[in-house]
**Student:** 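Would you mind keeping the following structure in view while I ask a few things?
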Amino acid sequence: MIDSLENIRRTHYSKEVKPEMKDQEIVLMGWIHEMRDLGGIIFILLRDRDGVTQVTAPSKKLSPKLFEELKKLKKESVISIKGFVQESGKAPGGVEIIPLELKLLSESKLPLPLDTTGNVHAEIDTRLDSRFIDLRKHNVSAIFKIKSRILHSIRNFLESEDYTEINTPKLVASATEGGTELFPITYFEREAFLGQSPQLYKQMMMASGFDKVYEIAPIFRAEEHDTLRHLNEVISIDVETAFTNHIDAMEILEKMVVNAITEVKNNCQPALETLKFDLQIPEIPFPRIEYDEMVEMVNNAGVTMKHGEDMSRAAEKAIGDIMEGYYFITEWPTAIKPFYVMPTENPLKSCAFDLMYKDLEISSGAMRVHNHDMLVNKLNEKGLNPDSFSRYLAAFEYGMPPHAGWGVGAERFTMTMTGLKNIRETVLFPRDRRRLTP
RNA sequence: GCCCUGGUGGUGUAGGGGCUAUCAUGCAGGCCUGUCGAGCCUGCGACUCGGGUUCAAAUCCCGGCCAGGGCGCCA
């Protein structure tokens, strides 16, 4: 019943089959996207990673045995078809395959938990439950081709800028930076936590002489948020650079963003078309708005925001309506930024910045405090106990250069390049307040 | 965590005290040699769970669970 692969191998993908290959014998492998059995002729749409090719089986041109085997095939079963290419004005794409040999490699159970042809809408919850099937749809896999290209381009860009990729631990012994809730775990006989950010580690690397480091890795936040732009596990793109300040950090960040967008635009055109997203390459430098100016803009737009507050969702939307693409908000109040952020000459303001895209925060960064005593003072001011940061603080006592850096949320960044509204769409197997499987 | 809305075949929906529970898609069987949202015929398949009100609940009420949207929280 089920055939084995033996030594047959795929010779082409669907997208590679062209009318010029007329009469050539090829082997396609993939899933049965659709079957149209007209009695004396059967049309099978064979779907693989990048496309769909029509296999046309007229009874008169095929052996009765092969014709019967083709007739019995079911949707989403996995097959291998050896056949020859025929040019045809009637076939989608102008080419079809006349089968010579069929292998049924895996039979699909029916009915399917989801429609793969796009005829019947399915909700995201249903789709995520059967994500492996959902991902067979080209308009879903397109998202991950783009995400892959983004991460690839970022690595290439940072390597070309002479950065070193590092890996820091995700199992950590508390010493929270403050703010977010952590996921507690059991580490042998002790309590430990999943890391909320590589912040403290990448700073310690600044005392190591590496000068330029980056990490692309998951971070975990135990916040019970339930929105279209939050998840409990996300990929963070973290950069830290020694002997630089926040101005340099913003420049590297905007260069990296434009480079990633350009790479996606140049290499992912089919995916962008599938998603019907018109990706625009922004110009450098991105606009910079000081926090004070932003507060004024928000209030002028009719949304009340007090000076010294963090942005409410309404404030983000108000500013997002005014600003078109990417922009920085700079000079944040020291009081609402973490202890490790360097104040400006005016101690009430800080060298912190956020990179926004419309109403969405993509990144936050800053020049850091590199003076040990100042850092201890700042910890105390924030109500944190310097003793629990002793291993981190030690890195500031034996020669710590000035440094700056930032972290970008990979999923939010992907949203800006795909036009998606729900962050869950940009993760293969998302983790949110309710979802822990699959 | 708060507010609003919802939960009907595998999927997506209509209905909204008494119906044989609507439609599409799907699935099974049949017809069909150019389909491409194929078409036609026959059939299959559902009211989130618990409690209450009522002669009667899928429908009304309460609670749980789950989901969607908004907000809060969120280096």
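Order of the sequence lines fixes the chain letters, A, B, ..., with proteins taken first and strands second; residue numbering starts at 1 for each chain.
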**Student:** Contact class for A:Leu38 vs. all strands (heavy atom < 4.0 Å): base, sugar-phosphate, or nothing?
**Tutor:** base
**Student:** Output one line per pair: protein atom, nucleotide atom from nucleotides 26-31 of chain B, and distance, for all N/O pairs under 3.5 Å.
**Tutor:**
| unit_1 | atom_1 | unit_2 | atom_2 | d |
| --- | --- | --- | --- | --- |
| B:A28 | OP1 | A:Lys74 | NZ | 3.4 |

**Student:** Donor-acceptor check, side chain of A:Glu361 to backbone of A:Met356, threshold 3.5 angstrom: yes or no?
**Tutor:**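 Between the backbone of A:Met356 and the side chain of A:Glu361 there is no qualifying donor-acceptor contact (under 3.5 Å).
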**Student:** Does A:Thr344 reach the main-chain N or O of A:Lys349 with its side chain, forming a donor-acceptor pair under 3.5 Å?
**Tutor:** yes
**Student:** Using 4.0 Å as the upper bound for N to carboxylate O, is an ion pair formed by A:Asp48 and A:Lys15?
**Tutor:**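 Answer for the salt bridge query: no.
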**Student:** With a 4.0 Å cut-off, would you call A:Glu324 and A:Lys358 a salt bridge?
**Tutor:** no
**Student:** Where the side chain of A:Asp125 is defined as all heavy atoms beyond and including C-beta, which of B:C74, B:G12, B:G68 is the nearest nucleotide?
**Tutor:**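 Per side-chain heavy atoms of A:Asp125, the pick is B:G68.
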**Student:** Under 4.0 Å, heavy atom to any atom of RNA chain B: which of residues 238-250 of chain A qualify?
**Tutor:** none
**Student:** Centre-to-centre under 6.0 Å for A:Tyr187 and A:Phe193, is that the case here?
**Tutor:**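 Here the rings of A:Phe193 and A:Tyr187 have centres that are no less than 6.0 Å from each other.
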**Student:** Can you list every salt bridge (charged side-chain N to carboxylate O under 4.0 Å, His left out) pair that touches residues 364-384 of chain A, not counting sequence neighbours?
**Tutor:** A:Glu240-A:Arg368
**Student:** Using 4.0 Å as the upper bound for N to carboxylate O, is an ion pair formed by A:Lys202 and A:Asp238?
**Tutor:** yes
**Student:** B:U53 pairs with which nucleotide, Watson-Crick or G-U wobble, both distances below 3.5 Å?
**Tutor:**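 The base-pairing partner of B:U53, which may sit in any strand shown, does not exist here.
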**Student:** What is the separation between atom CD1 on A:Ile329 and atom P on B:A75, rounded to the nearest whole Å?
**Tutor:** 16 Å
**Student:** Hunt down the Watson-Crick or G-U wobble partner of B:G7, both distances under 3.5 Å, from any strand shown, or write none.
**Tutor:** B:C65
**Student:** Applying the Watson-Crick and G-U wobble criteria at under 3.5 Å, what pairs with B:G37? Answer none if nothing qualifies.
**Tutor:**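 Looking at the geometry, B:G37 pairs with no nucleotide.
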**Student:** How many Å lie between NZ on A:Lys90 and P on B:C36, as a whole number?
**Tutor:** 13 Å
**Student:** Is A:Arg433 paired with A:Glu224 through a side-chain N to carboxylate O contact shorter than 4.0 Å?
**Tutor:**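 Salt bridge flag = yes for A:Arg433 with A:Glu224.
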**Student:** If pairing requires Watson-Crick or G-U wobble contacts with both distances under 3.5 Å, which nucleotide is the partner of B:C2?
**Tutor:**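 Check on B:C2: paired to B:G70, both distances under 3.5 Å.
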**Student:** Sequence neighbours left out, what passes side chain to side chain contact (heavy atoms under 4.5 Å, CB included) with A:Leu46? Give chain and number order.
**Tutor:**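 Checked A:Leu46 against side chain to side chain contact (heavy atoms under 4.5 Å, CB included); matches are A:Leu28, A:Val55, A:Ile79.
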**Student:** Under 4.0 Å, heavy atom to any atom of RNA chain B: which of residues 356-372 of chain A qualify?
**Tutor:** A:Ser364
**Student:** With sequence neighbours left out, write down each residue that passes side chain to side chain contact (heavy atoms under 4.5 Å, CB included) with A:Asp115, or none if nothing qualifies.
**Tutor:**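 In terms of side chain to side chain contact (heavy atoms under 4.5 Å, CB included), with neighbours along the sequence ignored, A:Asp115 is linked to A:Lys75, A:Thr117, A:Asn119, A:Val120.
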**Student:** May I have the distance from A:His225 (atom NE2) to B:C71 (atom P), rounded to whole angstrom?
**Tutor:**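 Nearest whole value for this atom pair: 14 Å.
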**Student:** Determine the contact category for A:Ala352: base if any of its heavy atoms lies under 4.0 Å from a base atom, sugar-phosphate if only primed atoms, P, OP1 or OP2 are that close, otherwise nothing.
**Tutor:**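 Touches nothing.
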**Student:** Hey, is A:Glu76 close enough to A:Arg136 for a salt bridge, meaning N to O under 4.0 Å?
**Tutor:** yes
**Student:** From OH of A:Tyr392 over to P of B:A75, roughly how many Å is that when rounded to an integer?
**Tutor:** 15 Å
**Student:** Testing A:Arg424, A:His230, A:His225 for side chain to side chain donor-acceptor pair (under 3.5 Å) with A:Asp432, which one passes?
**Tutor:** A:Arg424
**Student:** Using a heavy-atom cut-off of 4.0 Å across all strands, would you classify A:Pro113 as base, sugar-phosphate, or nothing?
**Tutor:** sugar-phosphate
**Student:** Rounded to the nearest angstrom, tell me the gap between atom CD in A:Glu87 and atom C1' in B:G34.
**Tutor:**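 So the two atoms are 16 Å apart, to the nearest Å.
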**Student:** So if I take residues 40-48 of chain A and measure heavy-atom distances to RNA chain B, which residues fall below 4.0 Å?
**Tutor:**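 Close to the strand are A:Gly40, A:Ile41, A:Phe43.
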**Student:** Can you tell me the base-pairing partner of B:G16? Count Watson-Crick or G-U wobble geometry only, both distances below 3.5 Å, and say none if there is no partner.
**Tutor:**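 The answer is none; no pair meets the criterion.
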**Student:** For A:Lys60 and A:Gln199, take the nucleotide of RNA chain B holding the closest heavy atom to each; which residue's nucleotide lies nearer the 5' end?
**Tutor:** A:Lys60
**Student:** Under 4.0 Å, heavy atoms only, any strand: does A:Gln54 hit a base, just the sugar-phosphate, or nothing?
**Tutor:**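 Base contact.
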**Student:** Would you indicate what A:Thr116 reaches in the nucleic acid, counting non-hydrogen atoms under 4.0 angstrom: base, sugar-phosphate, or nothing?
**Tutor:** nothing
**Student:** So if I take residues 303-321 of chain A and measure heavy-atom distances to RNA chain B, which residues fall below 4.0 Å?
**Tutor:** A:Ser312, A:Arg313, A:Lys317
**Student:** Just compare B:A67, B:G1, B:A75 and give me whichever is closest to any side-chain atom of A:Glu224.
**Tutor:** B:G1
**Student:** Of all residues at least two apart in sequence or in a different chain, which pass the side-chain hydrogen bond (donor to acceptor under 3.5 Å, both in side chains) check with A:Arg221?
**Tutor:** none
**Student:** Does A:Arg127 pair with A:Glu425 as a salt bridge, N-O distance under 4.0 Å?
**Tutor:** yes
**Student:** Among residues 406-438 of chain A, which ones have heavy-atom contacts with RNA chain B below 4.0 Å?
**Tutor:**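 Here the set is A:Arg433, A:Arg434.
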**Student:** Both distances below 3.5 Å, Watson-Crick or wobble geometry, any strand: find the nucleotide opposite B:A28.
**Tutor:**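 Base-paired to B:U42.
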**Student:** Measure all distances between protein nitrogen or oxygen atoms and nitrogen or oxygen atoms of nucleotides 41-49 of chain B, and list the pairs falling under 3.5 Å.
**Tutor:**
none

**Student:** Less than 6.0 Å separating the ring centroids of A:Tyr326 and A:Tyr357?
**Tutor:**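 Yes.
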**Student:** Between the side chains of A:Asp354 and A:Lys337, is the shortest nitrogen-to-carboxylate-oxygen separation below 4.0 Å, so that they form an ion pair?
**Tutor:**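 Salt bridge flag = yes for A:Asp354 with A:Lys337.
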**Student:** Specify the separation, in whole Å, of atom CZ of A:Arg131 and atom P of B:U11.
**Tutor:** 17 Å
**Student:** With a 4.0 Å cut-off on N to O distance, would you call A:Glu411 and A:Arg229 a salt bridge?
**Tutor:** no
**Student:** Could you please spell out the steps behind the side chain to side chain donor-acceptor pair (under 3.5 Å) verdict for A:Thr56 and A:Gln54?
**Tutor:** CA-CA 6 Å; A:Thr56 301; A:Gln54 176 165 293; 3.1 Å; yes
**Student:** Report yes if the distance between the aromatic ring centroids of A:Phe220 and A:Phe183 is under 6.0 Å, otherwise no.
**Tutor:**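 No; A:Phe183 has its ring centre 6.0 Å or more from that of A:Phe220.
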**Student:** With hydrogens left out and only the distance checked, is there a donor-acceptor pair under 3.5 Å joining A:Glu96's side chain and the base of B:G34?
**Tutor:**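 Under the 3.5 Å cut-off, the side chain and the base do form a donor-acceptor pair.
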**Student:** Would you classify A:Thr126 as touching base, sugar-phosphate or nothing, given that sugar-phosphate means primed atoms plus P, OP1 and OP2, and contacts are heavy atoms under 4.0 Å?
**Tutor:** sugar-phosphate
**Student:** Looking only at atom types and distance, does a side-chain atom of A:Glu223 sit under 3.5 Å from a main-chain N or O of A:Glu181, one as donor and one as acceptor?
**Tutor:** yes
**Student:** In whole angstrom, give the distance that lies between atom CD of A:Glu123 and atom P of B:U25.
**Tutor:**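 Atom-to-atom, A:Glu123 to B:U25, this comes out as 20 Å.
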**Student:** With A:Tyr392, which residues qualify under ring pair (Phe, Tyr, Trp, His ring centres under 6.0 Å), at least two apart?
**Tutor:**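 A:Tyr392: ring pair (Phe, Tyr, Trp, His ring centres under 6.0 Å) contacts with A:Phe396.
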**Student:** To the side chain of A:Gln86, which of B:U25, B:G34, B:C74 is closest?
**Tutor:**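 The answer is B:G34.
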**Student:** From CG of A:Asp226 over to P of B:C4, roughly how many Å is that when rounded to an integer?
**Tutor:**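 Going from CG in A:Asp226 over to P in B:C4 covers 16 Å.
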**Student:** Taking NZ, NE, NH1 and NH2 as the nitrogens, is one of them in A:Glu69 or A:Lys65 under 4.0 Å from a carboxylate oxygen of the other?
**Tutor:**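 Looking at A:Lys65 together with A:Glu69, the answer is yes, because their closest N to O distance falls below 4.0 Å.
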**Student:** Cation over ring, A:Arg49 on A:Tyr13, under 6.0 Å and within 45°?
**Tutor:** yes
**Student:** May I ask you to decide if A:Val295's main-chain N or O and A:Asn299's side chain share a donor-acceptor pair within less than 3.5 Å?
**Tutor:**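 Yes, A:Asn299 side chain to A:Val295 backbone: donor-acceptor pair under 3.5 Å.
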**Student:** Rounding to the closest angstrom, what is the interatomic distance between B:A24 and B:A14 at atom P?
**Tutor:** 15 Å
